[in-house]
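Read the structure below first, then the notes.
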Amino acid sequence: MATTPSASGRLHVVLVPGFAGFDALGQIEYYAGVTPLFQKWQDGKARHVDLHYFDSLPTAGVLTRAARLKEYLAKRFARGEFLRGDSIALVGHSTGGLDIRRLIYDLHRHANSGQHVTVDGPEDRACDVAPIELLRMVKRVVFLSVPQWGTNIADWVREYPLQRRGIVAQARALVGGASYVPQLDRAEAWLAGAAGASARSQLFLAVKDALAEVDAAAICEKDPERKQKIAAALEASSELRLYLRYIATDFDAIDDLAALPPDPSNRASPAHFTPAMRDEERSSWREHGLETRSYATLGRCPFRFEHGGTAPRWDFKNPRTWPNSNLDPELSKGTEVVYRSVYRACAGGPFRYPPNTASAGRLITSNEPRQVEVWDNDGIVNTASSLWPNGEETILVPGDHGDIIGHYRLSRARKGSAREYDSYDVLGSGSDFEETFHAVWRGVFEFCGS
């Protein structure tokens with residue numbers, strides 16, 4: 001157990017991924033391009049700061065993900081990586097922010113209960129870590145595009161479980177063979193048939209690269225360093241198969257993200273906390289001196305929706321609600337079909353302005369207030385859902401849900417890789433995000449280190 005106080009008072013910044021998230025799959029990183037920005041920010045800083053990447057379960061429920069995060073922190077405390085006197089800043093994107101909220105809520109409730117977190121410590125000995133030890137170290141929390149009140153797209157996905165299971169089954173089948181070269185043709189035919197123009201999107205490029213990366217035979221043909229490349233391919237293959245198996249086995253997060261709780265009596269997800277629970281939550285933050293900052297991504301709207309009104313729900317059975325029915329030719333220029341589809345699915349649904357919550361934030365580009373429409377979203381999360389708990393102080397970031405974590409551009413893979421690209425504009429909103437990405441993460445690190 002770590003009992004010696006830290007002489008340096010180190011800061012640990014822990015990045016927590018969101019729904020369907022991971023640390024890395026092969027060469028694809030969830031938080032793409034963040035490490036070099038962190039290193040640049042840290043240069044010249046007197047205080048020692050460490051950056052950590054938490055590897056969550058992709059689609060598990062919030063309770064499961066929060067428990068995993070608690071064990072992750074406790075294990076590092078037990079092994080002496082985190083010391084008393086150190087501080088922790090937790091940065092959560094999307095569902096990762098809900099995981100953080102649930103973690104802190106549970107740590108506070110168990111702080112004086114005598115319960116402990118039992119983890120493996122040094123020399124494989126079991127160690128009991130008191131929740132209060134972890135709670136004392138957490139000083140800052142950053143929310144990035146977090147559905148604090150749920151999101152319409154989760155309700156939409158819940159309405160079509162058979163289609164969702166079919167897509168996951170198809171994906172597992174594509175990575176189930178001994179050689180993936182023929183699977184690339186199958187993947188292209190499948191995506192082209194299922195979504196037409198999506199086969200030409202950067203999302204499809206990501207699928208093709210994932211299959212190419214796990215094909216050991218193809219890698220051997222490209223590079224004479226066979227053993228090293230085969231090992232990397234086998235590792236990537238195992239990671240991808242396990243990742244898809246998790247998704248097929250546990251998809252409970254979709255209920256936790258719904259704007260309309262499937263079970264009103266189930267308050268496990270912080271998105272569904274009662275007003276009293278939220279009051280208790282914020283009171284505990286003040287008690288423990290925890291400070292928060294929120295960023296909300298505001299995607300370009302490619303449709304004609306009424307200002308001050310709501311958007312109709314996209315119903316598969318009603319062609320008049322499909323994306324092409326109210327697409328604006330000018331507003332949609334430069335966007336890909338993937339972005340237009342997810343934006344449309346997120347725009348309409350049960351989400352409404354939360355009670356007693358601000359409906360405006362401040363633009364990162366000008367610090368000017370900007371009213372947020374109820375249908376505004378980033379392709380995945382309703383923007384107004386991300387305004388809590390910082391209200392009008394929430395920083396509005398023009399961009400989509402993937403932009404803010406570095407997936408806003410197509411970049412070539414390093415030499416010798418089986419992949420063609422290392423990062424993609426996955427949603428395809430067509431945002432010019434380079435400068436904004438740098439500004440967001442400078443702000444995140446400055447806040448964590450303050």
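- Partners of E330 under the salt bridge (charged side-chain N to carboxylate O under 4.0 Å, His left out) rule, at least two apart in sequence or in another chain, are K333.
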Could you go through the side chain to side chain donor-acceptor pair (under 3.5 Å) check for D378 and T297 one step at a time? CA-CA 6 Å; D378 63 5; T297 31; 2.6 Å; yes

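- Of the possible donor and acceptor atoms, none in the side chain of T64 sits under 3.5 Å from a partner among the backbone N and O of A60.
- The closest donor-acceptor contact from the side chain of H93 to the backbone of L15 lies at 3.5 Å or more, if one exists at all.
- Residues meeting the salt bridge (charged side-chain N to carboxylate O under 4.0 Å, His left out) test with D255, sequence neighbours left out: R158.
- With sequence neighbours excluded, the residues forming a ring-ring contact (aromatic ring centres under 6.0 Å, His included) with Y72 are F54, listed by chain and number.
- The ring-ring contact (aromatic ring centres under 6.0 Å, His included) check on Y160 picks up W156, F316, with sequence neighbours excluded.
- With Q42 contributing its side chain and V49 its backbone, the two residues share a donor-acceptor pair below 3.5 Å.
- A donor-acceptor contact shorter than 3.5 Å is absent between the side chain of E373 and the backbone of H307.
- A311 approaches A347 most closely through the heavy-atom pair CB-O, 3.8 Å.
- The structure places CH2 of W285 at 12.0 Å from NE2 of H108, a figure rounded to the nearest 0.5 Å.
- More than 12 heavy atoms of other residues, nucleotides or ligands lie within 6.0 Å of CZ in R282, so this atom counts as buried by the packing criterion.
- Nearest heavy-atom pair across S56 and P17 is CB-CG, 3.8 Å.
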Evaluate side chain to side chain donor-acceptor pair (under 3.5 Å) for S325 paired with R320, printing each intermediate quantity in order. CA-CA 6 Å; S325 65; R320 288 184 295 180; over 6 Å; no

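- Other residues, nucleotides and ligands place no more than 12 heavy atoms under 6.0 Å from the CG atom of D432.
- For the pair R293 and E393, the salt-bridge criterion is not met [side-chain N within less than 4.0 Å of a carboxylate O].
- Looking at N390, its side chain does come within 3.5 Å of a backbone N or O of S294 through a donor-acceptor pair.
- W149 does not carry R101 over the face of its six-membered ring by the limits of under 6.0 Å from the centre and within 45° of the normal.
- Classified by interplanar angle (parallel below 30°, tilted 30° to 60°, perpendicular above 60°), the ring pair F437/Y408 is tilted.
- Between D403 and S429 the shortest heavy-atom distance is OD2-OG, 3.6 Å.
- Ring geometry for Y421 versus Y424: interplanar angle over 60°, hence perpendicular rather than tilted (30 to 60°).
- Looking at residues two or more places apart in sequence or on another chain, you find no salt bridge (charged side-chain N to carboxylate O under 4.0 Å, His left out) involving E392.
- F143 meets the ring-ring contact (aromatic ring centres under 6.0 Å, His included) test with no other residue; sequence neighbours excluded.
- The minimum heavy-atom distance linking L37 with G33 is given by the pair CG-O, 3.5 Å.
- Evaluated for a side-chain hydrogen bond (donor to acceptor under 3.5 Å, both in side chains) with R65, the options T59, D256, D99 yield exactly one hit, D99.
- Residues satisfying the salt bridge (charged side-chain N to carboxylate O under 4.0 Å, His left out) test with R409, not counting sequence neighbours, are E434.
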Please evaluate residues F82 and H12 with respect to the criterion ring-ring contact (aromatic ring centres under 6.0 Å, His included), reporting the C-alpha separation (whole Å), side-chain torsions for both, the decisive distance (0.1 Å), and the verdict. CA-CA 8 Å; F82 296 172; H12 303 275; 4.2 Å; yes

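- S386 and Q148 form no side-chain donor-acceptor contact under 3.5 Å, judged by distance and modelled atom types alone.
- Listed by chain and number, the residues in a side chain to side chain donor-acceptor pair (under 3.5 Å) with Y53 are T35 (sequence neighbours excluded).
- Listed by chain and number, the residues in a side chain to side chain donor-acceptor pair (under 3.5 Å) with S283 amount to none (sequence neighbours excluded).
- Qualifying side-chain contact (heavy atoms from CB on, under 4.5 Å) partners for A253, counting only residues two or more places apart in sequence or in other chains: F19.
- Between V16 and V91 the shortest side-chain heavy-atom distance does not fall below 4.5 Å.
- Side-chain atoms of S87 do not come within 3.5 Å of backbone N or O of M137 as any donor-acceptor pair.
- Judged by distance alone, with hydrogens and angles left aside, the side-chain atoms of R340 form no donor-acceptor pair with the main-chain N or O of C301 at under 3.5 Å.
- Note that CD1 of I104 and CD of E281 are 8.0 Å apart. Values are rounded to the nearest 0.5 Å.
- At distances below 3.5 Å, at least one donor-acceptor pair connects side-chain atoms of T249 with backbone N or O atoms of R245.
- Of the candidates V117, V119, L103, L103 is the only one forming a side-chain contact (heavy atoms from CB on, under 4.5 Å) with L73.
- Using modelled atom types, one side-chain atom of R102 and one backbone atom of A268 make a donor-acceptor pair closer than 3.5 Å.
- In this structure, the side chain of T151 engages the main chain of I380 through a donor-acceptor pair within 3.5 Å.
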Walk me through it: do C346 and N382 pass the test side-chain contact (heavy atoms from CB on, under 4.5 Å)? CA-CA 7 Å; C346 196; N382 295 94; 3.7 Å; yes

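- Applying the side-chain contact (heavy atoms from CB on, under 4.5 Å) criterion to E159, with sequence neighbours excluded, gives R313.
- For the ring-ring contact (aromatic ring centres under 6.0 Å, His included) test, residues two or more places apart in sequence or in another chain that qualify with Y105 are F273.
- In plain terms, the two heavy atoms of C448 and V13 that are nearest each other are CB-CG2, 4.2 Å.
- Nearest heavy-atom pair across V141 and F447 is O-CE2, 3.7 Å.
- By the 6.0 Å contact criterion, CG on D263 is enclosed, its count of non-hydrogen atoms from other residues, nucleotides or ligands being greater than 12.
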